[in-house]
Engineer: 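First the structure, which I've put down as C-alpha cells, then a few questions once you've had a look.
Positions are given from 1, in the same order as the sequence printed here.
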Amino acid sequence: MKDSITHIFFDLDHTLWDFDKNSVLAFEKIFRSDFPSVDTNRFISHYVPINQACWKLFQVDAISHDELRYRRLKESFDAISFPITDQQINQISEDYIKFLPDFNHLFEDAHDVLEYLRDRYELHIITNGFAEVQFRKMNSSNLTHYFSTITNSEMAGAKKPNPIIFEHALDKAQAKKSESIMIGDSIDADIFGAINFGMQAIFFNPNQIEVPEGILQINNLIALKDLF
C-alpha cells in the first residue's frame, strides 16, 4: 500500500470531525435557550439512529435536503412525545445548522495523523455534507490546510456511493484509481462506494461493528501511521 498509494481521500463527518459530540453541544445550546424542558441526552438517543436512517435515504435521493432536515427533527421529537410545531422545527433546524460548525471536536489524534500523512501523500476530502456547513466545520476545527482538494456532493451533482462523486473527486485531484484510497465510516457510502468504483478503501470503525470479511478496517486514526 505504501508503494502504490499517493492520494488519500477522507470522509469528514464521523471520520475526522466528531459529528456526534459536536451535535450534542449544538442541541444543548438550542434547548438550553429555547426548550429547557427537553432532556438533551434522551433526545439524542433517538436522534442519532433517526438521523442515520434519514441520511441513508438522502444518499440515494429518496428524500430531499429539506425533507432530511425536517424529518430527523420531527421524528426525534415524536419519539420523546414532545409537542412541537412545524415552525419551531424549522427554527431549530436553522439554528442547528448555524451553531453546529462552531464546535470543533475531532476524533483522537486527527491532527497528529494528518500532519504525518500530508508530508507523504496528497490528502483530499469527499463528503456528502452540505457545502457551506462542511467548509465552516473544517475551518473552525483547523482542518482545511491539510487538504489539496475538497469535493462535496453539491459540486459533484451526486452523493457517495454514486461513482460520479468519486470520479469528480479524482478528476479534481488529478489522481488515478490505482494510486488512491478512501477512508470513511460508512460501509455503504464510503467503503462499498469506493470499492465498486475501483478504489481501495479503509473502514474507520471506532465502534468495532462487525464488517464483511476482507474489508480493511481501523478502530482509531493513529493506526493509519502503521499502514502508511
Engineer: Please determine whether residues M138 and L117 belong to a single hydrophobic cluster, defined as Ile, Leu, Val, Met, Phe, Trp and Tyr linked transitively by side-chain heavy-atom distances below 4.5 Å.
Structural biologist: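 Yes; tracing contacts between hydrophobic side chains, which count when under 4.5 Å, links both residues.
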
Engineer: Is I165 reachable from I63 through a run of I, L, V, M, F, W or Y residues, each pair having side-chain heavy atoms under 4.5 Å apart?
Structural biologist: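 No, no single cluster joins them.
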
Engineer: Between K74 and D86 (salt bridge meaning N to carboxylate O under 4.0 Å), is one present in this structure?
Structural biologist: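 Between D86 and K74 there is no salt bridge, as every charged N stays at least 4.0 Å from the carboxylate O atoms.
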
Engineer: Aromatic rings F43 and Y47: how do their planes relate, parallel, tilted or perpendicular, breaks at 30° and 60°?
Structural biologist: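 Parallel.
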
Engineer: Could you check whether K160 pairs with D188 (Lys NZ or Arg NE/NH1/NH2 to Asp/Glu carboxylate O, under 4.0 Å)?
Structural biologist: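 No, this pair does not count.
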
Engineer: Return yes if a side-chain donor-acceptor contact under 3.5 Å exists between T15 and D185, otherwise no.
Structural biologist: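 Yes, because at least one side-chain N or O of T15 sits under 3.5 Å from a partner of the opposite role on D185.
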
Engineer: Is the shortest heavy-atom distance from the side chain of H46 to the side chain of I80 under 4.5 Å?
Structural biologist: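 Touching, per the 4.5 Å side-chain cut-off.
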
Engineer: When you check the gap from the basic side-chain N to the acidic O, do R71 and E75 get nearer than 4.0 Å?
Structural biologist: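 Answer for the salt bridge query: yes.
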
Engineer: For the pair K225 (side chain) and V113 (backbone), establish whether a donor and an acceptor sit closer than 3.5 Å, ignoring hydrogens and angles.
Structural biologist: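 Checked: no pair found.
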
Engineer: Quick test of your reading of the model: are K137 and D13 salt-bridged, counting only N-O distances below 4.0 Å?
Structural biologist: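 The answer is yes: the pair qualifies as a salt bridge.
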
Engineer: A cation-pi test, strictly: NZ or CZ of K21 under 6.0 Å from the centre of the six-membered ring of F103 and no more than 45 degrees from its axis. Yes or no?
Structural biologist: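 No - K21 does not lie over the ring of F103 by the 6.0 Å and 45° rule.
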
Engineer: Please step through side-chain contact (heavy atoms from CB on, under 4.5 Å) for the pair F10 and L114, ending with a clear verdict.
Structural biologist: CA-CA 10 Å; F10 280 91; L114 292 172; 3.9 Å; yes

Engineer: More than 12 heavy atoms of other residues, nucleotides or ligands under 6.0 Å from CD of E108: yes or no?
Structural biologist: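 No, not enclosed.
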
Engineer: Inspect the contact between R118 and E115 and indicate whether a charged nitrogen and a carboxylate oxygen are less than 4.0 angstrom apart.
Structural biologist: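 Yes, this pair counts.
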
Engineer: Can you classify the ring geometry of F77 versus F82 as parallel (below 30°), tilted (30 to 60°) or perpendicular (above 60°)?
Structural biologist: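 Rings of F77 and F82: tilted, 30 to 60°.
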
Engineer: So, the side chain of N207 versus the backbone of I209: is there a donor-acceptor pair under 3.5 Å, distance only?
Structural biologist: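 Answer holds: no.
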
Engineer: Just by distance, do the side chain of S76 and the backbone of R72 share a donor-acceptor pair under 3.5 Å?
Structural biologist: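 Yes; at least one donor-acceptor contact below 3.5 Å.
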
Engineer: Count the heavy atoms belonging to other residues, nucleotides or ligands that lie under 6.0 Å from CD of E67, then report whether that count exceeds 12.
Structural biologist: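 Atom CD in E67 is crowded, with more than 12 foreign heavy atoms closer than 6.0 Å.
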
Engineer: Using 30° and 60° as the class boundaries, would you call the ring planes of F19 and Y96 parallel, tilted or perpendicular?
Structural biologist: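 It falls in the perpendicular class, over 60°.
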
Engineer: Does any part of the side chain of D102, heavy atoms only, come nearer than 4.5 Å to the side chain of R136, both counted from C-beta?
Structural biologist: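 Answer yes - side chains close enough.
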
Engineer: If you take the centroid of each ring, where Trp contributes its six-membered ring, are H124 and F9 closer together than 6.0 Å?
Structural biologist: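 F9 vs H124: aromatic centres under 6.0 Å.
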
Engineer: Roughly how far apart are H7 NE2 and T149 OG1, rounded to 0.5 Å?
Structural biologist: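 So the NE2 of H7 and the OG1 of T149 are separated by 9.0 Å.
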
Engineer: Is there a continuous path of hydrophobic side-chain contacts, each under 4.5 Å between heavy atoms, that joins I195 to F166?
Structural biologist: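 They do not share one cluster, since no chain of ILVMFWY contacts under 4.5 Å joins I195 to F166.
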
Engineer: Verify, without hydrogens or angle tests, whether Q88 (side chain) and T85 (backbone) share a donor-acceptor contact under 3.5 angstrom.
Structural biologist: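 Present.
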
Engineer: Does F192 reach the side chain of P212, with side-chain heavy atoms less than 4.5 Å apart?
Structural biologist: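 The answer is yes, as the side chains (C-beta and beyond) meet within the 4.5 Å cut-off.
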
Engineer: Is the Y116 to F228 ring centre distance short of 6.0 Å?
Structural biologist: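 Ring-ring flag for Y116/F228: false, centres at least 6.0 Å apart.
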
Engineer: Got a donor-acceptor contact below 3.5 angstrom from the N219 side chain to the N205 backbone?
Structural biologist: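 A pair under 3.5 Å: yes.
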
Engineer: Output yes when a side-chain donor or acceptor of S33 lies under 3.5 Å from a complementary backbone atom of K29, and no otherwise.
Structural biologist: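 Checked: no pair found.
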
Engineer: What's the spacing between N104 CG and L143 CG if we round to 0.5 Å?
Structural biologist: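 Those atoms lie 9.0 Å apart.
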
Engineer: Could you go step by step and tell me if L16 and D11 meet the side-chain contact (heavy atoms from CB on, under 4.5 Å) rule?
Structural biologist: CA-CA 7 Å; L16 296 172; D11 178 44; over 6 Å; no

Engineer: Could you walk me through whether L170 and M199 pass side-chain contact (heavy atoms from CB on, under 4.5 Å), step by step?
Structural biologist: CA-CA 10 Å; L170 263 65; M199 286 173 61; 3.7 Å; yes

Engineer: Taking a hydrophobic cluster as the set of Ile, Leu, Val, Met, Phe, Trp and Tyr residues connected by side-chain heavy atoms closer than 4.5 Å, whether directly or through intermediates, do I8 and I222 fall within one such cluster?
Structural biologist: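 Same cluster.
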
Engineer: Examine M182 and I187 and state if one hydrophobic cluster contains both, with Ile, Leu, Val, Met, Phe, Trp and Tyr joined whenever side-chain heavy atoms are less than 4.5 Å apart.
Structural biologist: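 As far as the 4.5 Å side-chain criterion goes, I187 and M182 are not connected within one cluster.
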
Engineer: Using the ring pair (Phe, Tyr, Trp, His ring centres under 6.0 Å) definition, which of the options W55, F130, Y70 pairs with H65?
Structural biologist: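 Answer after filtering W55, F130, Y70: F130.
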
Engineer: The test is side-chain contact (heavy atoms from CB on, under 4.5 Å); show your working for L73 and I50 and say whether it passes.
Structural biologist: CA-CA 9 Å; L73 291 175; I50 289 170; over 6 Å; no

